[in-house]
Structure formats: structure tokens, C-alpha cells
Amino acid sequence: MSTKDTSRVTDITIEPPLEPAPQPPQDERQKAEREFAQFYQQQESYDVPQLLRQNRRRRLWLYAISILALLLGLALAGFFIFNNQGGGKFGEEAVKVEFLGPAAAPSGQVVEYRLSYTNDQSVDLLNTEINLRYPGGFTFQEAAPQPAAADGTKFSLPRIAAHETGSITIRGQLVGEVGEEKTFGAVLTYEPDNFRAQFAKSVTVKTQIVASVVNVEVSGPTQLPADQTLLLTVTYRNSSANKLTGLVLRLTSPGGFELELPQLEPLSGSNNTWKLPDIEPRGEGKIELRGKFTEAAIAGNQGFRLAIGLVPPEAKDLTVQEEKIFNTTLIKSHLTLSLTANDVSLKSAVDLGQEVVYDLVYSNEGEVSFSDLVLVARLNPLFFDWTSLRDTADGVVDAQAGTITWTKDNLPALEALSAAGSGSLRFSLRTPAVLPAGVTSGPSFKAQLAVRAKQLVGDSLREVSAQSNEVETKVNTQFSLSVEGRYYTDQLVKLGSGPLPPKVGQTTTYVVFWRLSNSWSEVDNIEVNTTLPAGVIWTGQSTVTAGQKVTFNPNTREVRWQLNRLPPGAGVVLDKPEASFEVAVTPEEPDADKILVLTKTTTATGRDNFSGADLIATAKFITTDLDDDLGAQGKGVVVR
């Protein structure tokens, strides 16, 4: 008979009976022993410690399930409690914003706009802020309540209570051209008291400029002898109930008219434009303009265009409010010539290698006809490439003397010119690619036309001659800009940092260089700028050898460098003014196998101090494919 091993059973104690137990009969005892042996001979044995461990596992599972059920209940309870804080459920549609203003308004008028907001629910709104976007031509004056920003673009409302309604009123002067539509925008941002996320509502309102509060009248003689002074009286009125400031007057006069400069302050950066005194409400002002026509003026109708406009604070451009054209008839009694170069009658400016187009108008302002007219153009022979001449009238050219002559043989219209008759011709020449030998500074050339003709007066045939106005053309300085991106110097010294070629997820820095050059004339008010694409980081590292430091505007992403002046010879016989700045890129997975743009087109502008022309130079994009960097060539494509 086999027996169960009980050596592993512990903590079991058998107490002896208090009295001896009676012994069973022999046959019953033997029977019990057989049953006991049969019980322990079964195939499945019972391990008490194993049973205890199984029992503990069952209890642990029950505990775990109970804890999970408790946590789930707490989460559900928290959800319902969280969503019912403040006495209600948040709804974005319950936040209403309305922007009201005039649909139409005269330019120059003070206008008022009202922004209303409503929180139509049982949840408070926190960290509330209203940001306004004003159109060009709007000058902020005041608001209620007081804005958080001095320019009236930001209002802080720490809390908008449940079911609260409020409003903001904005006042300012609106300036624009008639027919122009001005758009105002507003964005309300907030956080619900029971939901930690930021929401926004945006609205717009539009106002169309339908008229102007400025009115102008121009008076003067309807006819004018050529030798008399022209007097134009300009009367301007303010029809609004507000004082008008920033008024300017612009005059566009016909060719051959010389204006006596008025006693007014000129508007910087504009020709024949002057600042006007302020006008009180319902007030008016008067300006007198005087001048004379030169011999180059053409007899007949002469149109003067006068515009009154407003230049809002911080703005540079004139916004025309009203424009009038005044016509007068110029009376002459002789043969006249008028010459323009590139549509300019007195002084023009060209670049080397640029074409100059000359237009000539000849007129008989008298009552007697002319015959056998001969026209002669006198030019500076050194400043033209005579092989580039274009002349449909096929005048006779003397390149050495710098003349072109037209007669009735090559222009039949010159055979006779009747009273009040006129004619015209056009020719063009290209300036050379380089300055003539010996010309180093102040390059310019002049052009003039002369006419000879015969006129029969009674029985006498006389010869008449006349000259056109002299047109001076100044040659603009050669103003240039060069840009390059670098990782290494020419000596292969590292300027940048990080992997090259650029690698996805890792940062590489590059240095961008700007250099200016200028030939024979001083250039003033130079500005160089470019734009950084999204994803290109301005690190703040920059250097300059002249001018102001390089700046970066994070809102427009514009990089700018300004210099007051660029002397003649800069970058030619003098050192090149230079600016540099560092940028960084961290390519992302979509950038793999691509060349990244570091800067967009770079533009340099300035004013030629000699010719008076506005100059502009541009340079290409800069990419991670650094063409000018020998050490980085072929390493511009992003790798993984």
C-alpha cells in the first residue's frame, strides 16, 4: 500500500482526545484501511500548497477587477462633473460676435465701428482677447473701453461671464480713393471655464469709399499768349465736421511748362507734390501756382492735372481725394518744336546700354505757311551706339558730328507746313555698354533739334529758324548687388555647422552674404531686403561692414539692411560694403531628396544722387545647393 507524502504539509496540529476512543471491531477496522488505501491510490494527488496558491490568485483577480470597476466609476463621475461645472455644458455656437460699421463713407471722414459679443450659455469664458485688423488708410483715434495696445488693435477681457453681452466701439479717420472697399477684421479668442482649450471667432465688416470730404476748384485764363505768365488759383474745401490734416497737392503740367516753385513744403520722395496747411471743419484754403511756357511748348490746348489727396500718418503714398483738369489754349505766332527723351521734356535718366527714344513735334502756330523745312537733330556722338539707330524717316546721319538731318527728300511732309499744321517724327539710339573714354563722373548728354524753313511774306521770301527745348539725359550709376550662401570659406574654413548635405531631423546652419557696388555717382537711402521661407530659422547672428545692423521681422519674415549712402567707387576702387547673417534649417521627412530654399529674391534699392533716378538691383534665390561654395557644391540635396 502506498501512502501520501505529508512532509510538506505544515501548520496542522492534531489534538489528542480527552478520553481514549473506543476501538472499532476488527473487521470494520480492516475495511476502513482498505478504503483508505484505495483513496490514496487514485491517479490525481492533492497538493495543499498548490491549492493555497490557486486560491490566492483567484483573490488577486477579484481585487484587480474590483479596483478597475472603481476607477471606471470615478472616471465616469468625473466626466459628468467636469462637463457640468459652471452650471451647464459649453457650446461654441453660443458665443456670438458681430462687427458693425458704415457700409459706405466719404474719404477723410471719422467713422465709428462697433464690435458686439454675447456669451449665450451657462459657462464663463476666460482669458478673452479681441484682436482687430485695420485696412490701409484707417487711422485709429479712440476706443471704448480702452484698448490694451496703443494702436487700438488689441483688447483684453479677462472674463466674459455666462449670458453676458458687451461691446467695443472704435473711432478713426478712414482715407481711400473713391470706389475702394476697406475691410476691417476682428478675432475673439477665449477659453471655456470648464474646458481647457482655446477657441476663436472671426468676423469682418466692409466699408466702401463713396465720396470725399475734400473738394477742389481750379481757375485761370482760358487763353494765354506764349510770352505771359500763367496764374492758376487752386481752392480746396473741407466739407466735413472734422479738422483735416495730411493734405497734399500734386500738379502734373504739360511739356514745356516751367513752374515757379510755390512757397510750400515739398512731399519727400515725390515730384511736384507739396504739403498743404490743415483745414478747419467747413473751412477752405487757396494756393496760387505760377509759371511760363518755354519755346518748346506746343501751341494749342494745354492740360494741367491737379489732384488733392491725403497722406495718412506713417504712410508714404498719396491717396487722391479729388482731381481736376484745367485746360488753357496757348497762342503762338511762329514755328515751334518740342522734343522729349523717353517721354521727358527737360531732364531724363538712362542706364548704360539702354535705348533713348526721341519724339519731335513741329508746329506752325502762325497764319502763314512754311516750305522746304529742314530738321536737324544735334546729339553727343560719344554717348551713342550709332549702329543701333532706328529712324523710320531715314534721316541722313553724321555719326562723327552727332547729327541727323531730315529734308523733303526723305520726309515728304517737310515740303510744306500749312498754318496751324504740325507733324512729328521719332528716332531712337542706344547708349554704349561702357562710359566713353575720359568720362569718369557725372556722365550726361544733351539733345536738341533745330529747324530751318522758308516763308513767303507778301512778295518777300524769308528764311525762318527755330530750336526745340534742350533735353539733358543723365546716365545712372552702375548700382549692383551680389548675394551668396556659404558653408565654407574659399579656404575651406567652416562657417556653417551641422551635417552637409543637410539631413532629415538634424540642423544645418549657413551664412548668407550681401555685397553692394557702385560706380561713378553717390547712391542715397539704400535698402537691401529678402524674405526667409517658412522653415528657415533666423539665428540672430549677423555682421555688417557699413550701415545699420541687419534686422529680421518675425511677422513678415523680412531680413533688412539699410545704409544712408554708398560712395562712388564702392566695390570698384573701394571695398565692397558687406552684410552677412546666419540661417538654420532642420529638414523634415517630406524634404528628403530635395534642395531647400534659404532666401527668396533679394532686392536692393536706392536713389542716384546725380541723376535723381530710383535705382533697383535684384539677386537670385539662395538654396542649399551652394553654387559659389566649392566645399559645399553637390551637397545641397537633403538626405535621410
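We number each residue from 1, following the sequence as shown.
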Determine whether [X] and [Y] make a side-chain contact, defined as any pair of heavy atoms from C-beta on separated by less than 4.5 Å.
{"X": "Y510", "Y": "L626", "answer": "yes"}
{"X": "T118", "Y": "V95", "answer": "no"}
{"X": "T207", "Y": "L174", "answer": "yes"}

Tell me whether [X] is salt-bridged to [Y], with the criterion being a basic N under 4.0 Å from an acidic carboxylate O.
{"X": "D627", "Y": "K620", "answer": "yes"}
{"X": "K635", "Y": "D629", "answer": "no"}
{"X": "E578", "Y": "K576", "answer": "no"}
{"X": "R486", "Y": "E484", "answer": "yes"}
{"X": "E217", "Y": "R237", "answer": "yes"}
{"X": "E112", "Y": "R114", "answer": "no"}
{"X": "E164", "Y": "R159", "answer": "no"}

Legend entry - Between Q321 and S107, a side-chain donor and acceptor under 3.5 Å: yes
Inset, instruction - Verify the distance criterion only: is there a donor paired with an acceptor across the side chains of N238 and S240 at less than 3.5 Å? - result: yes
Legend entry - From I622, T599, T601, residue fulfilling side chain to side chain contact (heavy atoms under 4.5 Å, CB included) relative to T530: T599
Inset, instruction - Return the minimal non-hydrogen interatomic distance between T509 and A584, and the atom names on each side. - result: CG2-CB, 3.8 Å
Inset, instruction - Assess the pair F90 and F199: is the distance between their ring centroids shorter than 6.0 Å? - result: yes
Legend entry - F581 ring center within less than 6.0 Å of W514 ring center: yes
Legend entry - Set of residues satisfying ring pair (Phe, Tyr, Trp, His ring centres under 6.0 Å) with respect to Y134, sequence neighbours excluded: F138
Inset, instruction - Show your working on salt bridge (charged side-chain N to carboxylate O under 4.0 Å, His left out) between D524 and R565 and close with a plain yes or no. - result: CA-CA 4 Å; D524 299 329; R565 59 183 292 270; 5.4 Å; no
